[in-house]
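Read the structure below first, then the notes.
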2 protein chains.
Amino acid sequence: MSKLKENKTKYVILGFLNHEKMSGYDIKQRVDNSIKMFWPVRYGQIYPTLKKLEQDGMINHCKSTYEFGPERKIYEITKTGQAELKKWLKKPIIKEDMRYEILVKLFFTGSGEKKDIIKNILDFKNRYQEQLSKLQYLSQNLESVLGEHEDHQYFYLTAQFGIKTYHSYIEWAEQAIKFLEEKKGDESNG
Amino acid sequence: MSKLKENKTKYVILGFLNHEKMSGYDIKQRVDNSIKMFWPVRYGQIYPTLKKLEQDGMINHCKSTYEFGPERKIYEITKTGQAELKKWLKKPIIKEDMRYEILVKLFFTGSGEKKDIIKNILDFKNRYQEQLSKLQYLSQNLESVLGEHEDHQYFYLTAQFGIKTYHSYIEWAEQAIKFLEEKKGDESNG
DNA sequence: GAAAGCATGTAAACCGTTACATGATTGG
DNA sequence: CCAATCATGTAACGGTTTACATGCTTTC
């Protein structure tokens with residue numbers, strides 16, 4: 001009778017609200033400035049989840065007291081919500097589910113054309129080179145404030161994860177392209 | 001008016017059927033022995049997708065002619081299906097969507113306990129060390145048959161991707177644990 | 001003859017995306 | 001005043017997972 005699929009995005013919301021109360025719009029901004037790369041969240045998910053979290057007594061809301069700007073609902077985490085967040089943080093992760101479309105295409109390239117996968121791998125490499133630059137910049141900034149707050153350590157480590165894996169993506173892409181181009185003449189249909 | 005979400009698993013099915021005709025059960029076995037790590041597929045997805053692909057004229061089926069064993073439906077790809085597969089292989093990939101639950105937990109560990117995330121990172125590392133061994137074994141086998149068939153090159157490159165990224169996962173995990181344990185005494189609540 | 005596995009499939013639930021919709025506010 | 005942005009939300013859809021269901025076959 002366990003849940004069919006666990007909503008993990010709700011913990012993202014609880015996580016941000018545990019730091020300070022804010023609106024759904026604010027949460028979206030925070031996500032985009034931090035965990036977006038490994039956990040994107042959209043409005044279409046945030047607002048319904050906020051609604052459900054409130055029904056479940058995890059959060060409460062009140063009207064914004066700001067004089068200016070459109071009205072906002074400011075959400076606040078409850079004791080129940082905090083307990084739920086902490087319970088989740090304690091729980092072991094069974095498995096990550098990763099899906100790499102590029103690898104599926106590569107796997108089936110025998111049914112297609114070599115030049116197309118080379119192009120796709122090149123795009124892949126460029127995409128992650130861009131992401132890597134951003135992460136390296138972020139990482140440097142975090143490094144200089146590491147001692148200021150415990151949280152910075154955790155943010156820093158997530159950035160390190162990205163840097164390391166993106167490096168290996170790029171390295172793989174370069175080697176794969178080289179490998180494919182070397183072998184290009186080997187087939188009759190080259 | 002474009003599709004809300006593209007079904008990519010159908011290309012997995014078309015991809016396998018383009019090599020040879022087989023049953024839904026066979027496809028599941030193939031997936032588990034090859035692309036499972038970067039594109040898992042379950043029966044609950046295979047059978048309905050086969051049904052839909054047949055309705056769309058991408059594949060046909062006939063009864064198995066084997067004398068023994070339960071009856072099977074043997075599916076065969078059509079010209080339309082082949083064209084569809086090739087069209088997809090030509091198409092550029094816009095973005096991968098990756099979700100790392102472990103990074104979300106790490107990011108919010110300030111609301112939890114350091115020992116819990118360390119445990120989770122350790123599990124993460126062990127998981128990928130196991131996967132890495134399997135991949136290295138597979139990679140060696142593929143290396144020895146690289147010249148035999150063009151396809152082996154592509155399978156080989158997908159394995160290389162796994163080896164590289166899993167290596168970086170493991171390296172990151174080790175460094176992260178070390179980093180967290182070094183800083184353990186820094187906080188008052190250590 | 002019972003248990004394990006082969007082989008097929010359906011139904012329900014849920015997550016997440018996309019598109020759509022609204023209205024207020026700020027800046028030019 | 002018009003456009004952009006702030007801020008909130010809903011509806012529809014589709015992908016995927018899980019659980020359930022069936023019946024046959026092989027093995028012990």
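In what follows, chains carry the letters A, B, and so on, assigned in the order in which the sequence lines appear, proteins first and then strands, with residues in each chain numbered from 1. All values reported here derive from a predicted model rather than from experimental measurement.
The nearest heavy atom of DNA chain C to A:Y43 and to B:Y43 marks one nucleotide each, and the one closer to the 5' end goes with B:Y43. Between B:Y25 and A:W39, the residue anchored nearer the 5' end of DNA chain C, judged by the nucleotide with its closest heavy atom, is B:Y25.
Taking only side-chain nitrogens and oxygens, A:K73 comes nearer than 4.0 Å to OP1 or OP2 of D:dG9. Here A:N7 does not reach the OP1 or OP2 of C:dC14: none of its side-chain N or O atoms lies under 4.0 Å away. In this structure, A:T9 does not reach the C:dC15 phosphate: none of its side-chain N or O atoms is under 4.0 Å from OP1 or OP2. A sub-4.0 Å separation between OP1 or OP2 of D:dT16 and a side-chain N or O of B:R42 is absent. Within the structure, every side-chain polar atom (N or O) of B:Q45 is placed at least 4.0 Å from both OP1 and OP2 of D:dG15. Under 4.0 angstrom from either OP1 or OP2 of D:dA7 there lies at least one side-chain N or O belonging to A:R72.
Whole-Å rounding puts the B:I13 CD1 to C:dT8 C1' distance at 14 Å. As rounded to whole Å, 17 Å separates atom C1' of C:dG16 from atom OH of A:Y11. With rounding to whole Å, A:E96 atom CD is found 18 Å from D:dT16 atom C1'. The OH atom of B:Y47 sits 16 Å away from the P atom of D:dT17 (whole-angstrom rounding). Distance CD (A:E6) to P (D:dT18): 12 Å, rounded to an integer number of Å. In this structure, CG of A:L50 is placed 14 Å from P of C:dG16, rounded to the nearest angstrom. The CG-C1' distance, from A:D97 to D:dT18, rounds to 14 Å in whole Å. When the C1' atom of D:dC6 is taken as reference, atom CD1 of A:I27 falls 16 Å away, rounded to whole Å.
Judged by a 6.0 Å distance limit and a 45° cone about the ring axis, B:K105 is positioned over the six-membered ring of A:W88.
Every pair passing salt bridge (charged side-chain N to carboxylate O under 4.0 Å, His left out) that includes a residue from residues 29-49 of chain B is listed here, sequence neighbours excluded: B:E20-B:R30, B:K28-B:D32.
Classification of the B:F108-A:H19 ring pair by plane angle, with boundaries at 30° and 60°, yields tilted. Ring planes of B:F155 and B:H152: perpendicular class, angle over 60° (limits at 30 and 60°).
In the helix from C:dG1-D:dC28 to C:dG28-D:dC1, the terminal helix axes, each the rotation mapping four pairs' C1' atoms onto the next four within five end pairs, subtend 20°, rounded to 10°.
Residue B:G24 is classed as a sugar-phosphate contact, given heavy-atom separations below 4.0 Å to backbone atoms only. B:K51 comes within 4.0 angstrom of sugar-phosphate atoms only, judged by non-hydrogen atoms across all strands, and of no base.
Under 3.5 Å, the side chains of B:E101 and A:Y11 contain no donor-acceptor pair of N or O atoms.
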If you apply the rule salt bridge (charged side-chain N to carboxylate O under 4.0 Å, His left out), what do you find for A:K86 with B:E113, and how did you get there? CA-CA 8 Å; A:K86 281 178 183 171; B:E113 287 173 54; over 6 Å; no
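Between B:F38 and B:F161, a ring centre-to-centre spacing not shorter than 6.0 Å is recorded.
Nearest heavy atom pair, residue A:I77 against residue A:L17, reads CG2-O, 3.8 Å.
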